[in-house]
A.B. asks: 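Dumping the structure here so I can ask a few things about it.
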Amino acid sequence: MKAIDSGRKRSRAAGAGLAVLAILAAGNAAAAGLVPRSLGPTTSAVVTIEKSYAAGTIVIVSGNRTLDLVISEGRAIRYKIGVGRDGFRWSGTVKVGRKAEWPDWRPPAEMKARSAGLPDLVPAGPLNPLGARGIYLYKGGTDTLYRIHGTNEQSTVGGFASSGCFRMSNADVIDLYKRVKVGSTVIVK
């Protein structure tokens with residue numbers, strides 16, 4: 001992440017200087033229209049589903065770009081999501097391994113190899129690509145590096161745009177985050 005210098009004086013103390021720089025960068029980003037002004041749309045709707053799954057199960061249908069959270073026999077809350085672009089879609093059964101509010105983002109090595117210039121870490125906040133919440137997907141107790149997460153790029157929700165993660169509006173991922181439990185099954189089709 002490139003810091004923006006507004007030309008204002010900063011303290012010479014290292015800790016204070018970094019804090020002031022971060023505030024100035026965020027302020028300049030907000031002034032430039034880079035910081036989202038809303039959490040995005042809410043797309044959730046209660047739907048009838050054909051197959052029987054246990055309540056709390058998440059079913060993702062990549063081709064339809066939908067995520068269903070099963071709430072009872074034959075009923076689910078359906079959300080619109082963004083999924084992996086060509087070559088990055090996957091399927092299988094995983095578990096919710098952990099959850100985080102306003103998570104940091106550490107681009108995986110494979111992503112950094114494809115996109116030179118990605119930082120090692122993007123700290124939590126309104127410019128973080130993981131958005132407001134992160135739901136981490138694990139298989140066999142190991143982090144898959146795939147996430148269900150919010151996004152500040154609302155135009156990618158409903159599309160084929162990610163490197164395998166599932167993107168939701170920040171409003172939707174906040175709602176899902178409150179409802180889903182660590183250990184829940186996630187079925188990706």
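Side-chain atoms are counted along with the backbone in the values below, which use heavy atoms only and exclude waters and symmetry mates. What you see is a predicted model; the values in this text were computed from it and never measured. Start at 1 with the first residue, then count along the sequence.
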A.B. asks: Less than 4.5 Å apart, side chain to side chain, heavy atoms only: is that true for Ile135 and Tyr177?
C.D. replies: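 Yes. Closest side-chain heavy atoms under 4.5 Å.
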
A.B. asks: Any chain of hydrophobic side-chain contacts (each under 4.5 Å) joining Val94 to Met168?
C.D. replies: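 Val94 clusters together with Met168.
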
A.B. asks: side-chain hydrogen bond (donor to acceptor under 3.5 Å, both in side chains) between Tyr79 and Asp175: does it pass, once the steps are laid out?
C.D. replies: CA-CA 10 Å; Tyr79 303 90; Asp175 182 63; 2.5 Å; yes

A.B. asks: So, Asp143 side chain and Tyr138 main chain: donor-acceptor pair closer than 3.5 Å or not?
C.D. replies: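 No; judged by distance alone, with no hydrogens or angles, the pair does not exist.
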
A.B. asks: Would Val83 and Phe166 satisfy side chain to side chain contact (heavy atoms under 4.5 Å, CB included), going step by step from the backbone distance to the final call?
C.D. replies: CA-CA 5 Å; Val83 301; Phe166 305 101; 3.9 Å; yes

A.B. asks: Between OG1 of Thr48 and CD of Glu73, what distance do you get to the nearest 0.5 Å?
C.D. replies: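 Nearest 0.5 Å value for the OG1-CD distance: 11.5 Å.
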
A.B. asks: Could you tell me whether a side-chain N or O of Arg65 sits under 3.5 Å from a main-chain N or O of Gly158, the two making a donor and an acceptor?
C.D. replies: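 Such a contact is found between Arg65 side chain and Gly158 backbone.
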
A.B. asks: Can you find a side-chain donor-acceptor pair between Ser169 and Gln154 that sits under 3.5 Å?
C.D. replies: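 Ser169 vs Gln154: no donor-acceptor pair found between side chains.
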
A.B. asks: Give the minimum heavy-atom separation between Leu130 and Asp104, together with the two atoms involved.
C.D. replies: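 Scanning both residues, the minimum pair turns out to be CD1-O, 3.5 Å.
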
A.B. asks: Starting from Val180, can I reach Tyr53 by hopping between I/L/V/M/F/W/Y residues whose side chains sit under 4.5 Å apart?
C.D. replies: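 Shared cluster, no.
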
A.B. asks: Would you say the side chain of Ile71 lies within less than 4.5 Å of the side chain of Val46, judging by non-hydrogen atoms?
C.D. replies: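 Val46 vs Ile71: side chains touch.
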
A.B. asks: Is the closest side-chain heavy-atom distance between Pro119 and Lys112 below 4.5 Å?
C.D. replies: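 A side-chain contact under 4.5 Å is absent here.
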
A.B. asks: So, Ser62 versus Arg89: side-chain donor-acceptor pair below 3.5 Å or not?
C.D. replies: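 Their side chains do not contain a donor-acceptor pair, so the 3.5 Å distance test is not met.
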
A.B. asks: Atom SG of Cys165 and atom OH of Tyr146: how far apart are they, to the nearest 0.5 Å?
C.D. replies: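 Cys165 SG to Tyr146 OH: 8.0 Å, rounded to 0.5 Å.
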
A.B. asks: After noting the C-alpha distance and the side-chain angles of Met111 and Leu118, does the key distance pass the side chain to side chain contact (heavy atoms under 4.5 Å, CB included) rule?
C.D. replies: CA-CA 8 Å; Met111 186 178 286; Leu118 283 176; 3.6 Å; yes

A.B. asks: Should Ile148 and Trp90 be regarded as members of a common hydrophobic cluster, given that ILVMFWY residues are connected when their side-chain heavy atoms come within less than 4.5 Å of each other, either directly or indirectly?
C.D. replies: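 Yes, it is one cluster - the side chains of Ile148 and Trp90 are joined through contacts under 4.5 Å.
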
A.B. asks: Do Arg133 and Pro103 have side-chain heavy atoms sitting under 4.5 Å apart?
C.D. replies: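 In short, these two side chains do not touch, never coming nearer than 4.5 Å.
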
A.B. asks: If you take the centroid of each ring, where Trp contributes its six-membered ring, are Tyr136 and Trp105 closer together than 6.0 Å?
C.D. replies: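 No, ring centres 6.0 Å or more apart.
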
A.B. asks: Test Lys181 against Val96 for side chain to side chain contact (heavy atoms under 4.5 Å, CB included), laying out the working first.
C.D. replies: CA-CA 7 Å; Lys181 295 179 176 24; Val96 173; over 6 Å; no

A.B. asks: Kindly give the heavy-atom pair with the smallest separation between Ala76 and Ile49, and that separation in Å.
C.D. replies: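 Looking at all heavy atoms of both residues, the closest pair is CB-CG2, 4.0 Å.
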
A.B. asks: Taking all atoms of both residues into account, what is the closest heavy-atom pair of Leu137 and Val186, and its distance?
C.D. replies: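 Heavy atoms only, the tightest pair is CD2-CG2, 3.9 Å.
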
A.B. asks: Nearest heavy-atom pair of Ala171 and Thr42: which atoms, and what distance?
C.D. replies: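 Here Ala171 and Thr42 meet closest at CB-OG1, 3.8 Å.
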
A.B. asks: Are Val47 and Ile187 grouped together when hydrophobic residues (ILVMFWY) are joined by side-chain heavy atoms under 4.5 angstrom apart?
C.D. replies: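 Yes, because Val47 and Ile187 connect within a single hydrophobic cluster, where side-chain heavy atoms sit under 4.5 Å apart.
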
A.B. asks: If I compare all heavy atoms of Ala55 with all of Ser72, which pair ends up nearest, and what's the gap?
C.D. replies: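 So the minimum-distance heavy-atom pair works out to CB-N, 4.5 Å.
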
A.B. asks: So, for Asn170 and Ala132, which heavy atoms are closest and what is the spacing to 0.1 Å?
C.D. replies: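 Reported closest heavy-atom pair: OD1-N, 2.8 Å.
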
A.B. asks: Going hydrophobic residue to hydrophobic residue with side-chain gaps under 4.5 angstrom, can you get from Val70 over to Ile81?
C.D. replies: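 Different hydrophobic clusters.
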
A.B. asks: Kindly indicate, with the supporting measurements, whether the criterion side chain to side chain contact (heavy atoms under 4.5 Å, CB included) is fulfilled by Ile58 and Leu67.
C.D. replies: CA-CA 7 Å; Ile58 294 173; Leu67 180 153; 3.6 Å; yes

A.B. asks: Are any of the side-chain heavy atoms of Ile60 and Lys189 separated by less than 4.5 Å?
C.D. replies: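 Answer no - side chains too far apart.
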
A.B. asks: Could you walk me through whether Arg78 and Thr43 pass the side-chain hydrogen bond (donor to acceptor under 3.5 Å, both in side chains) test, one step at a time?
C.D. replies: CA-CA 8 Å; Arg78 178 165 292 163; Thr43 66; over 6 Å; no

A.B. asks: Is it possible for you to check whether Arg85 lies under 6.0 Å from the centre of the six-membered ring of Phe160, through NZ or CZ, and within 45° of that ring's axis?
C.D. replies: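 Judged by the rule, Arg85 and Phe160 form no cation-pi pair.
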
A.B. asks: Could you check whether any side-chain heavy atom of Lys95 comes within less than 4.5 Å of a side-chain heavy atom of Ser184, counting everything from C-beta outward?
C.D. replies: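 Answer no - side chains too far apart.
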
